[in-house]
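Okay, structure first, notes after.
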Amino acid sequence: MRQEERDARNPAYTHIEEPDEPTAGHPTQRVWDMLGWTKKHLFSSIPNTIATLVCLYLLWLIIPPFLDWAFLSAIWSSDTPDACKVDGAGACWAFVEQKHRFILFGLYPFDEQWRPMTAVVLFIAALAASCYPPFWSKWLIPLWAVVLTVCGVLMYGGVFGMTYVDNTQWGGVPLTLILSVTGIGLAFPLAVLLALGRRSNLPAIKTICVTFIELIRGVPLISVLFMASIMFPLFMPEGVTVDKLLRAIVGIMLFTSAYLAEAIRGGLQSLPRGQYEAADSLGLSYWQKTRLIVLPQALRIVIPPLVNQFISTFKDTSLVIIIGLFDLLTSAKTALADPEWRQFYAESYIFAAILYFSFAFFMSRYSQFLERRLNAGTRR
Amino acid sequence: MKTLYTAAAAAALTVGLGATAAQAGETFDAVKERGELVCGVHTGLAGFSAPDEQGNWSGLDVDVCRAVAAAVFGDSEKVKYVPLSAQQRLTALQAGEVDVLARNTTHTLTRDTANGLNFLPVNYYDGQGFMVRKDLGVDSARQLDGATVCVQTGTTTELNLADYFRANNMQLNPLTIEAFEEVNAAYASGRCDALTSDTSQLAAIRANDLPNPDDHVILPELISKEPLAPAVRHGDDQWFDAVKWVLHAMVDAEEMGITSENVDQVKAETDNPNVKRLLGATPGMGEALGLPNEWAYNVISQVGNYGQSFERNVGQDSPLNLERGLNALWTDGGLQYAPPAR
């Protein structure tokens, strides 16, 4: 089969990718272009040239010592910190080697840490599967039900011969994922309702939604968490306690939903009036109109701010340090409480930063992909 | 999602049960019934309470929890540790989330009254001081006029520092930094002339974080009193008594020379009536406290006496290498003094 024929039969092949950059010409031509580009952008005038040279000098000052510290002189493996304390030693990655299990899983019982490990792998696999468009079908719903149940059973235990692990002992990456995913997952439907409610014609609903959004948006997340963990127990009758993790999740959820609601409202407002009128003229009910016409278009428009909020929420979960939950950042910090190792705080924070970055970077790349795909029909 | 449902169910259950538990009232009964002590500790402070690589807690404050569990249940492992931030610690105790708060908390008047806490005997006498480089030629804090002082933000340390300089009419240039490690790094790199913190911390920093410990000196002045004590909440005097005497027993044991190594031998051989009463060879003391007869024996054999706990966690046998100082027994010129168990 010839290429053209195959392309014509399979619609996937007819999709024309926009080229990312102009097609490269002849190799020598390209070298010329680079020189030309450099001349044009970096050395076009005297101030420009000076700025370029200063920047290059600064980079020269920073990068080689950093590379030397992080890689060449780094101590990669050692049982004691003594190897890292000699003169001229670079980064002490031995710290991460010694403490990585604590940083990754916090206070979870050491011998049982295969359970959170399995749960995280399973969870990420399910997440990856749901991100892959060919897998989008109604089967994802039972899949998630199964995955979440299995993860819950693995984390809590108490059945199949696994010891029970209270959620106060959860920590590290699993806790960060639980806080952010449940926070975001529960906030999203609430946010859609709030956004619709804010544009509602019913005064009571509108007032409630506006008050909620403005109240929550008016305070920082840290004070919401503070209220949840410190004020809330004082209002309860003595001896009555509500799970600390649950309080944090609800706090994060309420906070995120207020922000998401405003982003979604932006999408609702940007729909042309004609869309609403057309839906009305077809005789669709309010919920039919919302579900079939309004939300699919509005949500597509607001993907960038939504993902922005997701990433922000993911990173904001580190604020639970003030309520004593051992999320990824807290456990990285607590690993430093060991007086033998505590001078290697840079290594600990860099390790945590790499983990945060990989999740956040994935989210941002995926949102770009999603945007391109969903907006393929309306690209301007 | 599963997590949430389970948590929600657990919460609903807690609310339901909580009401009846509150009726039963007494913390002591609740602890016995639960079969586990819930102990509020620091999220990670070297020597006082910190989890190791495997998540096992240890430290001077953690030993208080272990000792209480040993006295009540005969097993020092029956403790659930609840790591608490500085902001939430008092509320957590007041709201009944923990039975004992052992989280290097300074005993003060307001905390004792308005916050509804009952403080136990002090398990570490601390105080704020200064560390300077020897080549600065300073031998008293009074000579720090105009000095740049590194201090951690958001702590009483910062307020004490300002008060001290104002009271002595000295000019202060504070360099305030949020993170503990960075404050140390700032001092080590010479960005400030002096570093202020609790002296226990200063000693630990000098021993562990500075390249040449001998180049630095801790000045003799203490500008604040920081008696660090565990606490329980108001409302259950029996519980207060029991926990208080667990701490006293550890100090008494050190004074009597009873350690975790020799406790069996002492118990079998001693003729000293005080020792016999403490270890339960002569019954009565445990019953008076509502504890098993073997309470002090269990504490000493499983956790050790106060001196052992001190040396293991913050003293000679630990990386912090702190002096006993104010925390020596009264017979050695320190402040640790326990009433007799009789």
Side-chain angles (χ1 to χ4, degrees), chain A residues 85 98-99 101-102 105-111 144-145 148-153 155-156 166-169 171 178 182 185-186 226 229-234 236-247 249 321-326 330 333-340 342-343 345-346, chain B residues 1-8 10-11 14-15 17-25 30 40 42-47 49-57 80-89 91-92 94-97 179-182 184-185 188 204 207-209 211 235 318-320:
Chain A
K85 290 182 178 172
Q98 291 293 313
K99 304 277 187 182
R101 282 181 65 170
F102 184 81
F105 301 114
L107 296 171
Y108 207 90
F110 194 72
D111 298 329
W144 272 105
L148 289 175
T149 314
V150 172
C151 287
V153 167
M155 292 299 287
Y156 272 108
D166 195 70
N167 69 21
T168 49
Q169 286 174 279
I178 288 169
T182 49
L186 297 172
F226 237 90
S229 80
I230 291 164
M231 303 302 289
F232 181 73
L234 292 179
M236 303 289 284
E238 195 168 341
V240 177
T241 56
V242 175
D243 195 274
K244 196 155 86 169
L245 180 62
L246 180 69
R247 276 185 272 158
I249 289 178
I321 193 165
I322 62 138
I323 56 173
L325 287 175
F326 272 71
T330 315
K333 201 177 156 75
T334 306
L336 293 167
D338 186 341
E340 300 248 323
R342 73 172 173 206
Q343 52 180 283
Y345 59 93
Chain B
M1 211 72 89
K2 169 79 169 101
T3 319
L4 191 88
Y5 287 144
T6 322
T14 323
V15 172
L17 291 178
T20 50
Q23 294 300 315
H42 198 290
T43 47
L45 178 64
S49 66
D52 66 6
E53 292 92 24
Q54 309 206 353
N56 302 314
W57 291 90
K80 182 174 141 190
Y81 296 99
V82 178
L84 297 171
S85 67
Q87 295 86 352
Q88 68 179 156
R89 57 183 164 180
T91 321
Q94 279 173 285
E97 288 174 28
F180 175 73
E181 303 86 13
E182 284 173 36
N184 302 347
N208 291 288
D209 302 331
S318 80
L320 296 184

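For the numbers below, each heavy atom of this structure counts, side chains included, while hydrogens, waters and symmetry mates do not. Here is the naming used below: chain letters follow the sequence lines, and residue numbers restart at 1 for every chain.
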(request) Go through the atoms of D111(A) and report whether side chain, backbone, both or neither lie under 4.5 Å from a heavy atom of chain B. (result) neither
(message) If I measure from the heavy atoms of chain B, does I321(A) come under 4.5 Å with its side chain, its backbone, both, or neither?
(response) backbone
(request) State the OG1-CG distance between T43(B) and L325(A), to the nearest 0.5 angstrom. (result) 11.0 Å
(message) Does any backbone or side-chain atom of N56(B) lie under 4.5 Å from a heavy atom of chain A? Answer side chain, backbone, both or neither.
(response) neither
(request) Calculate, to the nearest 0.5 Å, the distance between atoms CD and NZ belonging to Q54(B) and K99(A) respectively. (result) 10.5 Å
(message) Using side chain to side chain contact (heavy atoms under 4.5 Å, CB included), reason through Y81(B) and T168(A) one step at a time and then give a plain yes or no.
(response) CA-CA 9 Å; Y81(B) 296 99; T168(A) 49; over 6 Å; no
(message) Quick check on the interface: out of A92(B), A50(B), P51(B), who has the most heavy-atom pairs with chain A under 4.5 Å?
(response) P51(B)
(request) Would you mind reporting whether P83(B) and L107(A) have side-chain heavy atoms less than 4.5 Å apart? (result) yes
(request) Can you tell which part of F105(A) gets under 4.5 Å to a heavy atom of chain B, answering side chain, backbone, both or neither? (result) neither
(request) For chain B, find which of D166(A), D338(A), I322(A) contributes the most heavy-atom pairs closer than 4.5 angstrom. (result) I322(A)
(message) Which one wins on heavy-atom pair count under 4.5 Å against chain A: P319(B), A86(B), G44(B)?
(response) P319(B)
